[in-house]
Amino acid sequence: MEYFPNQIDTNIFYRLASSREEFPRIVNPRTAEDELLRIQADAITNHTRIYRVMLARARSRGSNTLLTDEHRKDFDEYISYLPEFEKLICEDIPCRYILTNNYEAMCLKVDNGKVIIVSEVLRYFLYFMNLGTISFDEKIPQGVRNSAIMIAIRTLLLSESLDFDLDPRGIVPDSINDQIERLVSWQMKFIIGHEYAHHILDHDAEDTLYACSSMRFCDGDDPGEWTGYLRRHTQEFDADSYSISAVEENRVRDNLFVGGTSFLLALYVFETVAAVIDPSFLEINSHPSTVTRYRKLVALAPAETNSIMKEADSVTRMYDDIADSLIAHFRRHPQAFTQYGSIYLDEWRGPILRDRIDY
């Protein structure tokens, strides 16, 4: 047999990322759950910094695998809010968060069925966007807010290094951090609910399958390819609505409503800025206008609490102002948005850590 010294067996990397029990499932996947593990293994082994983050997590837990889901409870908690029939439908589809160099939440068609993937990048984006835009009981310095918004935008642009576990961008007071984490949890559960809603409402028909390649999904010249579902805009609106209306408890619906509207406003800012930085972004965005999604969601609020509908214009103007400020900053300093690296929370920055020395 001829030996090619430049040809590397990918199984070597799979062994580094997985446990002894997981390795054969990744190499020869026989179920959708196995394929989901392989997708995560590929995300880890194809990106050095993500590998380092997941290795640090495994070491901190004393685990023999990097294929873990730090935020699995978001899926479990959302499913627990649903009626029994909808629970059964959702429990049938494998799902997990994956730290991967993209920012999508999506249902993918795989050889053995379907899987739902939610990128951890969305959590980072929302954490810093909330820090930069939401009012809290304690005062947040304006420099910290400005830096947080920049970190959020750069995170979805994939120019911010995805090593927040290793190199925290600052020290956020516990009381503020706890409030942000609670809001992020509801925002992510709305996103998860949106994906489950597509599944429950049977939006994943075979005739809507499409293969997509996008440079948003990787660093290199090869963007890779995945198979997803091309849905009508009405189906996206329906999924937004059903992610909340499917839940039985009023308190939970209210929290999902706050999570959903605040997520859409944050995404609206990013998409407005991203369309200026790279106009091709509009061509590859398959969802309807985010501000339209926001308004339609607000319109669904109960009549007795729908005073927020009257405030929708002023709220969107506030987020327009944030986007306009970011666009003006981009025109003056484009590299601040596109140059790969890390930025920090101004006066809340903690100790300066050196890459590959301190972490």
Side-chain angles (χ1 to χ4, degrees), residues 29-40 43 69 71-98 100 102-123 126 185-212 214 217 225-249 252-253 255-257 259-260 263-264 267 285-288 290 293 296-297 300:
R30 297 183 178 182
T31 67
E33 183 66 46
D34 294 347
E35 293 189 80
L36 185 55
L37 275 180
R38 178 158 183 158
I39 291 170
Q40 185 176 23
D69 182 351
H71 307 286
R72 171 72 201 193
K73 69 175 185 176
D74 287 345
F75 290 96
D76 296 335
E77 287 179 1
Y78 182 82
I79 290 176
S80 74
Y81 304 144
L82 297 173
E84 287 304 317
F85 178 72
E86 284 76 7
K87 280 183 187 176
L88 290 173
I89 295 174
C90 294
E91 288 171 346
D92 187 51
I93 184 168
C95 55
R96 67 171 48 202
Y97 280 98
I98 295 179
T100 179
N102 71 63
Y103 55 81
E104 297 286 352
M106 59 185 125
C107 182
L108 298 183
K109 176 72 170 66
V110 293
D111 290 342
N112 293 288
K114 302 174 189 173
V115 298
I116 290 177
I117 296 171
V118 178
S119 173
E120 281 193 55
V121 172
L122 283 170
R123 291 189 68 95
L126 287 168
S185 178
W186 287 112
Q187 290 168 324
M188 296 308 303
K189 281 186 273 195
F190 169 80
I191 294 168
I192 288 167
H194 176 99
E195 295 305 320
Y196 277 136
H198 282 309
H199 188 52
I200 294 169
L201 297 172
D202 198 26
H203 291 168
D204 301 335
E206 289 293 319
D207 60 357
T208 65
L209 284 173
Y210 77 114
C212 178
S214 168
F217 290 84
E225 185 171 90
W226 46 268
T227 303
Y229 297 90
L230 188 62
R231 303 184 179 102
R232 298 188 299 274
H233 285 187
T234 54
Q235 292 177 323
E236 298 295 349
F237 297 137
D238 289 345
D240 284 343
S241 171
Y242 195 80
S243 69
I244 299 172
S245 65
V247 172
E248 296 179 305
E249 187 178 338
V252 175
R253 284 204 300 267
N255 285 326
L256 287 169
F257 176 80
F263 158 67
L264 290 172
L267 185 63
N285 184 18
S286 61
H287 282 70
T290 300
R293 291 175 66 189
K296 283 184 174 290
L297 200 59
L300 295 173

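All values derive from a computational prediction rather than experimental measurement. All values below were derived from every heavy atom in this structure, side-chain atoms included, with hydrogens, water molecules and symmetry-related copies excluded.
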Yes or no on side chain to side chain contact (heavy atoms under 4.5 Å, CB included) for I39 and L108, after CA distance, side-chain angles and deciding distance?
-> CA-CA 11 Å; I39 291 170; L108 298 183; 4.2 Å; yes
For the pair I98 and L36, evaluate side chain to side chain contact (heavy atoms under 4.5 Å, CB included) and give the outcome as yes or no after the intermediate values.
-> CA-CA 10 Å; I98 295 179; L36 185 55; 4.2 Å; yes
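Counting heavy atoms from C-beta on, the side chains of I89 and H199 come closer than 4.5 Å. Between R123 and D74, some side-chain heavy-atom pair lies under the 4.5 Å cut-off. Side-chain contact between H198 and C107 is absent, with no heavy atoms from C-beta onward closer than 4.5 Å.
Residues K114 and P94 approach most closely at O-CD, 3.4 Å, considering heavy atoms. For the pair L297 and G260, the tightest heavy-atom approach, listed with the atom from each and the gap, is CD2-C, 3.9 Å. Closest of all the heavy-atom pairs between A239 and A197 is O-CB, 3.6 Å. For T100 against V121, the heavy-atom pair with the smallest separation is O-CG2, 3.3 Å.
Between atom CZ of residue F190 and atom OH of residue Y78 there is a gap of 9.0 Å, rounded to the nearest 0.5 Å. The distance from the CG atom of N112 to the CG atom of D34 is 7.5 Å, given to the nearest 0.5 Å. For the atom pair CG (L88) and CD1 (I79), the distance works out to 10.0 Å, reported to the nearest 0.5 Å. Summarising the geometry, atom CG belonging to N255 is positioned 9.5 Å from atom OG belonging to S185; distances are rounded to the nearest 0.5 Å. Taking NE2 of H203 as the reference point, atom OG1 of T234 lies at 7.0 Å (rounded to 0.5 Å). Distance CZ/R96 to NE2/H71: 12.5 Å, rounded to 0.5 Å.
Judged by distance alone, with hydrogens and angles left aside, the side-chain atoms of S119 form a donor-acceptor pair with the main-chain N or O of N102 at under 3.5 Å. In terms of modelled atom types and a separation under 3.5 Å, the side chain of Q187 and the main chain of L126 share no donor-acceptor contact. Side-chain atoms of Y196 never come within 3.5 Å of backbone atoms of E86 as a donor-acceptor pair (strictly under, hydrogens ignored). Remark: side-chain polar atoms of R72 are paired, donor with acceptor, to backbone N or O of C95 under 3.5 angstrom.
Salt bridge status for D111 with R38: absent, with no side-chain N to carboxylate O gap under 4.0 Å. Salt bridge status for K87 with E84: present, with a side-chain N to carboxylate O gap under 4.0 Å.
Listed by chain and residue number, nothing satisfies the side chain to side chain donor-acceptor pair (under 3.5 Å) test with K73 (two or more places apart in sequence, or in another chain). With sequence neighbours left out, D92 forms a side chain to side chain donor-acceptor pair (under 3.5 Å) with no residue at all. Checked against side-chain contact (heavy atoms from CB on, under 4.5 Å), A105 has the following partners two or more places apart in sequence or in another chain: V118, L122, I191, E195. Qualifying side chain to side chain donor-acceptor pair (under 3.5 Å) partners for R30, counting only residues two or more places apart in sequence or in other chains: none. Checked against ring-ring contact (aromatic ring centres under 6.0 Å, His included), F263 has no partners two or more places apart in sequence or in another chain. Every residue two or more places apart in sequence or in another chain that forms a side chain to side chain donor-acceptor pair (under 3.5 Å) with R293 is listed here: D240.
For Y97 and F75, the distance between ring centers is under 6.0 angstrom.
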